There are 2 protein chains.
Amino acid sequence: MLKGILDGCILSIIQEGEIYGYELAEKLQGYGFHSFSEGTIYPLLLRMQKENLVTTTLKKSTAGPKRKYYSLTTKGEEELEQFKLRWEEISLAVNNVMNKGGH
Amino acid sequence: MLKGILDGCILSIIQEGEIYGYELAEKLQGYGFHSFSEGTIYPLLLRMQKENLVTTTLKKSTAGPKRKYYSLTTKGEEELEQFKLRWEEISLAVNNVMNKGGH
DNA sequence: ACATATACCTTGTAATGCAAGATATACAGT
DNA sequence: ACTGTATATCTTGCATTACAAGGTATATGT
């Protein structure tokens, strides 16, 4: 049902502007997602690249190996729009269920 | 991240009143969940029973085999409360991400 | 006797999420 | 030069979840 919810969130963050994985992981925490390790995020980014939702460019880091910056493709933007619609449907449905049972 | 979201929704529906699996499946559709087959719901109900979140009583049906009615246990009610909190956190976080990118 | 609707369960598979660990680069302190 | 620390990416292996598909069983109407 909610498969791809993380995908959607990541697409949305990338849409704000080019970003690399490590930074993205930190940003997710800032938005209130506590539970995402890099072991979750990196495989997901690789998958999205494979599906042509994002493109990457390597850039030097000030301290560490090269950063892999991600940007949305047109297909990625479309996917994001679809995700937004899906999220509205789902969150509405869950809120429906929740608010019936009690105050 | 959203593992157990269906669990929470089902707990919430059961809290409204005793209900059996087949009816629950139909009710979920009514709330706007399109994609849940019985192959998803029944195993989940059995698991929740095993975890002592729900209890069951069998009752005659007007047309078909006996219905298995589910009710919440105290533990199930606690689980539901926790889920509600978790859902608020998560939906807030996702909405944060979504609305930044510009609607 | 047969079809249909109801009702529950099992099997097998794919996707997802995560911990843990492997690899690699750069800089700062000693 | 050596060591530790922070940065940065990727891989492996496992557990959970979601789902389609199929299987079993009961009651009613014709």
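A quick note: this is a predicted structure, and the numbers were derived from the prediction, not measured. Worth knowing before you read on, the calculation uses all heavy atoms, side chains too, and leaves out hydrogens, waters and symmetry mates. Proteins get letters first, then strands, A, B, ... in listed order; numbering begins at 1 in each.
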Requested in this report: With side chain to side chain contact (heavy atoms under 4.5 Å, CB included) as the test, would you mind laying out the steps for B:Leu24 and B:Ile14 before giving the verdict?
Outcome: CA-CA 8 Å; B:Leu24 198 148; B:Ile14 294 174; 4.0 Å; yes

Just the rounded figure in Å: distance from [atom2] of [N] to [atom1] of [X].
{"X": "B:Glu26", "N": "C:dC8", "atom1": "CD", "atom2": "C1'", "answer": "14 Å"}
{"X": "A:Ile10", "N": "C:dT16", "atom1": "CD1", "atom2": "C1'", "answer": "12 Å"}
{"X": "A:Leu6", "N": "D:dT17", "atom1": "CG", "atom2": "C1'", "answer": "15 Å"}
{"X": "B:Lys68", "N": "D:dA25", "atom1": "NZ", "atom2": "C1'", "answer": "14 Å"}
{"X": "A:Phe83", "N": "C:dT16", "atom1": "CZ", "atom2": "C1'", "answer": "14 Å"}
{"X": "B:Ile41", "N": "D:dA18", "atom1": "CD1", "atom2": "P", "answer": "11 Å"}
{"X": "B:Ile5", "N": "C:dT16", "atom1": "CD1", "atom2": "C1'", "answer": "14 Å"}
{"X": "A:Glu38", "N": "D:dA6", "atom1": "CD", "atom2": "P", "answer": "14 Å"}

Can you check whether [X] has a side-chain N or O nearer than 4.0 Å to OP1 or OP2 of [N]?
{"X": "A:Tyr22", "N": "D:dT9", "answer": "no"}
{"X": "B:Tyr42", "N": "C:dA7", "answer": "no"}
{"X": "A:Lys66", "N": "C:dA26", "answer": "no"}
{"X": "A:Arg47", "N": "C:dT16", "answer": "yes"}

Query raised in the report: Do B:Asp7 and B:Leu53 come close enough that some side-chain heavy atom pair is under 4.5 Å?
Result: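 Heavy-atom side-chain distance check fails, nothing below 4.5 Å.
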
Query raised in the report: Any side-chain heavy atom of A:Val94 sitting closer than 4.5 Å to one from B:Trp87?
Result: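 Sidechains of B:Trp87 and A:Val94: in contact.
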
Query raised in the report: Tell me, which pairs form a ring-ring contact (aromatic ring centres under 6.0 Å, His included) where one or both residues lie in residues 11-30 of chain B, sequence neighbours left out?
Result: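 Residue pairs with at least one partner in residues 11-30 of chain B: B:Tyr20-B:Tyr69.
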
Among [options], which nucleotide has an atom closest to any side-chain atom of [X]?
{"X": "B:Leu44", "options": "C:dG17, C:dA24, D:dA18", "answer": "D:dA18"}
{"X": "A:Thr40", "options": "C:dT25, C:dG17, C:dA7", "answer": "C:dG17"}
{"X": "B:Ser37", "options": "C:dC9, D:dC19, D:dA8", "answer": "D:dC19"}
{"X": "A:Leu46", "options": "D:dC10, C:dT25, D:dT26", "answer": "D:dC10"}
{"X": "B:Tyr70", "options": "C:dC9, D:dT7, D:dT9", "answer": "C:dC9"}
{"X": "B:Tyr20", "options": "D:dT9, C:dG17, C:dC8", "answer": "C:dC8"}

Would you mind classifying the nucleic acid contact of [X] as base, sugar-phosphate or nothing, using non-hydrogen atoms under 4.0 angstrom?
{"X": "A:Gly39", "answer": "base"}
{"X": "B:Leu45", "answer": "nothing"}
{"X": "A:Glu23", "answer": "nothing"}

Report task. Walk me through it: do B:Arg47 and B:Glu51 pass the test salt bridge (charged side-chain N to carboxylate O under 4.0 Å, His left out)? Result -> CA-CA 6 Å; B:Arg47 200 193 74 214; B:Glu51 291 170 354; 3.6 Å; yes

Query raised in the report: Is a side-chain donor or acceptor of A:Thr73 paired with a backbone partner of A:Asn52 at a separation under 3.5 angstrom?
Result: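 Flag set: sc A:Thr73 to bb A:Asn52 pair under 3.5 Å.
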
Query raised in the report: Any sub-3.5 Å donor-acceptor pair from B:Lys84's side-chain atoms to B:Ser12's backbone N or O?
Result: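 No, B:Lys84 side chain to B:Ser12 backbone: no donor-acceptor pair under 3.5 Å.
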
Requested in this report: Begin with the C-alpha distance, continue with both residues' side-chain angles, and end with the deciding distance and a verdict on side chain to side chain contact (heavy atoms under 4.5 Å, CB included) for A:Thr57 and A:Glu18.
Outcome: CA-CA 9 Å; A:Thr57 51; A:Glu18 223 182 25; 3.6 Å; yes

Query raised in the report: Which of residues 51-64 of chain A sit near DNA chain C, with a heavy atom under 4.0 Å from it?
Result: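 Heavy-atom contacts with DNA chain C come from A:Thr62, A:Gly64.
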
